[in-house]
Amino acid sequence: MSGQGLPEFPVIRTVGLQGLLVTFADALSEPSNRAALAYQAALRQVAIDGMVETSTSLASVFVRFDPSLVSHDQLRAQLESLLAEQDWYGAPLPEGRRFWRVPTVYGTDLAPQLAEAADAAGMNEAQAIDSLGSARVRVLTIGFAASQPYLGTLGEEWDLPRQTALTPMVPSGALVQAIRQFVLFTAPAPTGWRHVGQTGMRLFRPEMDDPFALRAGDEMIFEPVAKADFLRLREGDPNNGGAIVAEIAS
Amino acid sequence: MSGLKVLQIGPVVSVQDMGRPGLLERGISQGGAADTLALAEGAALLRQDAGLAALEMGGLGGTFEAVGALRIALTGAPMLATLDGEALAWNASHQVAAGQKLVIGAARRGVYGYLHLGGGIDTDSMLGSRAVHLMGGIGAATQEGDFLPAGPDANQETGLGVVAEDRFSGGALRIVESFQSGLFSADVLSRFGSTAFTRGGRANRMGVEMVSDGEGFSAAGQLNILSEVIAPGDVQMTGDGKPFVLLRECQTTGGYPRIGTVLPCDLARVAQASNGAALRFEWVTLEQGLEIQARHDAYVKSLPSRCEPLVRDPSDMANLLSYQLISGAISADADPFDTGVNT
């Protein structure tokens with residue numbers, strides 16, 4: 001019995017009996033996330049018997065497959081040959097991505113941890129709102145809960161550690177911050193990240209034809225609005241809270 | 001429309017099928033029945049498709065009234081079941097007449113019992129499945145007053161039993177190394193395989209806690225690894241090195257390191273271990289794991305041919321039932337309500 005050892009990237013490793021994971025880096029970076037998104041998009045174009053589904057995480061692509069239809073060795077060889085086809089770290093982002101401008105209340109009783117986060121980042125609240133409210137971030141991956149995005153990357157000053165104690169509960173649509181990223185919450189949940197903003201985005205709408213608001217690769221900006229405006233927008237647009245979405249021209 | 005009216009219901013009861021594969025990139029794990037073997041057994045007993053939905057009952061069943069005539073089957077964790085007061089064999093299929101009252105009590109061993117209807121439970125499908133996904137916010141637990149509609153049932157055969165594989169008392173869980181096993185030292189991996197665990201008190205459809213004496217099982221660099229995809233069966237180590245085996249309704253990504261992945265065919269044994277059950281992990285190679293899983297898949301395919309007519313003797317069954325209640329320690333082989341075959 002031996003571990004799979006320290007990898008040289010990109011590396012392909014097993015996930016249980018029925019998965020392979022193509023990992024582009026052991027840390028989040030712009031090129032490694034870009035590589036994961038582009039590689040998954042390319043993989044979707046290749047018909048591989050026995051491949052059941054793919055997903056991306058921050059710097060990896062996961063492939064689930066049926067080992068009775070394609071062996072580990074066969075699939076690994078196909079993934080390797082696709083890896084060799086181009087420099088994935090320099091690949092353009094996939095097509096069909098969208099840009100979301102999301103009205104967001106920073107601070108107030110709706111997002112009570114802004115002051116604390118600003119302090120930790122060495123700013124006053126106004127500076128923090130300027131900084132967070134003008135950052136155009138990308139959906140690095142969807143995970144944990146339905147349609148829930150990890151968004152980044154923010155500047156170095158937002159490389160704040162997770163809290164040691166959990167925030168007991170943040171509501172659906174909460175914008176939370178840590179480790180140079182945002183997470184936008186699908187459903188009420190406890191979190192170790194700080195609740196800095198509140199949006200009216202409903203990310204998972206199971207009753208709709210397309211229940212998932214976001215896809216990996218989409219870009220977002222969380223534009224500051226006053227609380228009164230936010231409440232009005234959310235009432236008028238219960239799904240998106242007044243967010244404006246447009247296709248990103250490729 | 002025929003079906004079951006829910007008069008009373010346990011706290012952790014929900015409609016389940018094989019779940020929703022293919023939505024990982026949307027943040028939704030496959031979910032579905034905690035014990036998929038029980039789904040297959042029920043389908044075999046009713047001579048129907050294993051993709052149909054059944055009622056999963058965690059720890060405790062409920063009281064139901066039949067609307068119209070129905071076929072039912074009972075599988076998974078054995079529970080006391082009666083139809084208008086008459087004991088029903090577990091791991092068996094039965095005919096139910098309109099207006100009859102079905103009472104399913106507490107699990108005698110294991111955790112999740114299953115109630116199947118001929119034609120399947122025909123609740124609304126969402127995103128390709130009827131499975132309630134509590135973590136994912138899809139559907140809701142079954143409530144008193146609900147109606148469980150039966151789908152069209154072309155078959156009429158009942159009175160079949162099947163000998164169920166015993167997965168209700170803990171035991172060995174076969175585990176393969178996975179992409180983060182290398183974060184653990186060879187000593188920790190080896191100690192993990194030689195440690196006696198019991199199922200802890202924290203367990204639900206997402207995962208099951210494993211408790212052991214002695215030190216935990218920590219990885220190097222435990223707290224700063226990137227969040228990464230989770231596969232059902234992954235054994236995740238929390239900050240203090242305490243293992244959780246993740247089940248099919250787990251979150252899709254996670255930042256805790258995982259020491260390995262329990263084979264899919266052993267996940268029912270994890271889910272069905274009741275609090276305090278003895279469990280251990282047995283490392284197998286990828287090749288061994290694939291062979292074991294392939295044998296299991298072949299066994300599942302053979303279930304329809306393993307279903308046989310029950311031999312009924314009501315007076316005998318009543319005697320055995322009372323004996324069971326007094327002793328509580330009868331062996332599985334001697335218990336007709338486990339096997340459904342009264343020999």
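Letters A, B, ... are given to chains in the order of the sequence lines, protein chains preceding strands, and every chain is numbered from 1. Please read these numbers as outputs of a predicted model, since none were measured by experiment.
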Visitor: Are the side chains of A:F212 and B:L127 in contact, using a 4.5 Å heavy-atom criterion?
Guide: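 When only atoms from C-beta onward are counted, A:F212 and B:L127 do touch, with a gap below 4.5 Å.
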
Visitor: Assess the residue pair B:M126 and A:E207 against the criterion (side chain to side chain contact (heavy atoms under 4.5 Å, CB included)); give the C-alpha distance rounded to whole Å, side-chain angles, the decisive distance to 0.1 Å, and a yes or no.
Guide: CA-CA 8 Å; B:M126 192 178 280; A:E207 76 286 358; 5.9 Å; no

Visitor: Can you name the nearest heavy-atom pair linking B:I28 to A:A146, along with the distance?
Guide: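 Minimum heavy-atom separation between B:I28 and A:A146: CG1-CB, 3.5 Å.
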
Visitor: Can you tell me which portion of A:A27 sits under 4.5 Å from chain B's heavy atoms? Options are side chain, backbone, both or neither.
Guide: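 Backbone of A:A27 only, per the 4.5 Å heavy-atom cut-off to chain B.
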
Visitor: Only pairs of heavy atoms separated by less than 4.5 Å count here; which of B:R258, B:E25, B:M135 has the most with chain A?
Guide: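 So the answer, after comparing B:R258, B:E25, B:M135, is B:E25.
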
Visitor: May I ask you to check whether over 12 heavy atoms, not counting those of A:D209, lie within 6.0 Å of atom CG?
Guide: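 Atom CG in A:D209 is not crowded, with 12 or fewer foreign heavy atoms closer than 6.0 Å.
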
Visitor: Within a strict 4.5 Å, meaning less than it, do heavy atoms of the A:S57 and B:L226 side chains meet?
Guide: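 Heavy-atom side-chain distance check fails, nothing below 4.5 Å.
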
Visitor: Could you measure the distance from the CD atom of B:Q30 to the CZ atom of A:R64? Nearest 0.5 Å is fine.
Guide: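 Here the interatomic distance stands at 5.5 Å.
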
Visitor: Which bit of A:P149 comes within less than 4.5 Å of chain B, counting heavy atoms only: side chain, backbone, both or neither?
Guide: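 For A:P149, neither part sits under 4.5 Å from chain B.
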
Visitor: Taking every heavy-atom pair that is under 4.5 Å apart, which of B:D234, B:T252, B:I175 has the most such pairs with chain A?
Guide: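 When all of B:D234, B:T252, B:I175 are compared, B:T252 has the most.
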
Visitor: Is there a donor-acceptor contact under 3.5 Å linking the side chains of B:Q293 and A:Q18?
Guide: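 Result is no, nothing qualifies.
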
Visitor: Quick one: which of B:V262, B:L23, B:D297, B:V229 has the most heavy-atom pairs under 4.5 Å with chain A, could you say?
Guide: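 It is B:V229.
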
Visitor: Rounded to the nearest 0.5 Å, what separates atom CG in A:L17 from atom CD in B:E291?
Guide: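 The CD atom of B:E291 is 11.5 Å from CG of A:L17, to the nearest 0.5 Å.
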
Visitor: Can you check whether B:L24's main-chain N or O pairs, donor with acceptor, with A:E53's side chain at less than 3.5 Å?
Guide: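 It does hold such a pair.
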
Visitor: Nearest 0.5 Å, please: how far is CD1 in B:I230 from CZ in A:F144?
Guide: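 Nearest 0.5 Å value for the CZ-CD1 distance: 8.0 Å.
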
Visitor: Heavy-atom cut-off 4.5 Å, strictly under: side chain, backbone, both or neither for A:P67 against chain B?
Guide: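 Contact with chain B is through the side chain of A:P67 alone.
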
Visitor: Quiz question: by atom type and distance under 3.5 Å, do the side chains of B:E177 and A:T14 form a donor-acceptor pair?
Guide: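 Result is no, nothing qualifies.
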
Visitor: On a heavy-atom basis, which atom in B:G27 and which in A:I142 lie closest, and how many Å separate them?
Guide: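 Scanning both residues, the minimum pair turns out to be N-CG2, 3.8 Å.
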
Visitor: Main chain of B:R26, side chain of A:S147: is a donor-acceptor contact present, judged purely on distance under 3.5 Å?
Guide: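 A pair under 3.5 Å: no.
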
Visitor: Give, as side chain, backbone, both or neither, the part of A:L214 having an atom under 4.5 angstrom from any heavy atom of chain B.
Guide: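 When you check distances to chain B, only backbone atoms of A:L214 fall under 4.5 Å.
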
Visitor: Output the option from A:T56, A:L58, A:V52, A:T54 having the highest count of non-hydrogen pairs under 4.5 Å with chain B.
Guide: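 The option with the most such pairs is A:T54.
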
Visitor: First locate atom CG of A:L20, then atom CZ of B:F179, and finally report the distance between them rounded to the nearest 0.5 Å.
Guide: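 A:L20 atom CG to B:F179 atom CZ measures 11.5 Å (nearest 0.5 Å).
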
Visitor: Got a donor-acceptor contact below 3.5 angstrom from the B:S178 side chain to the A:G16 backbone?
Guide: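 At least one qualifying donor-acceptor pair exists.
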
Visitor: How far does CD of B:E228 sit from OG1 of A:T23, to the nearest 0.5 angstrom?
Guide: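 Those atoms lie 5.5 Å apart.
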
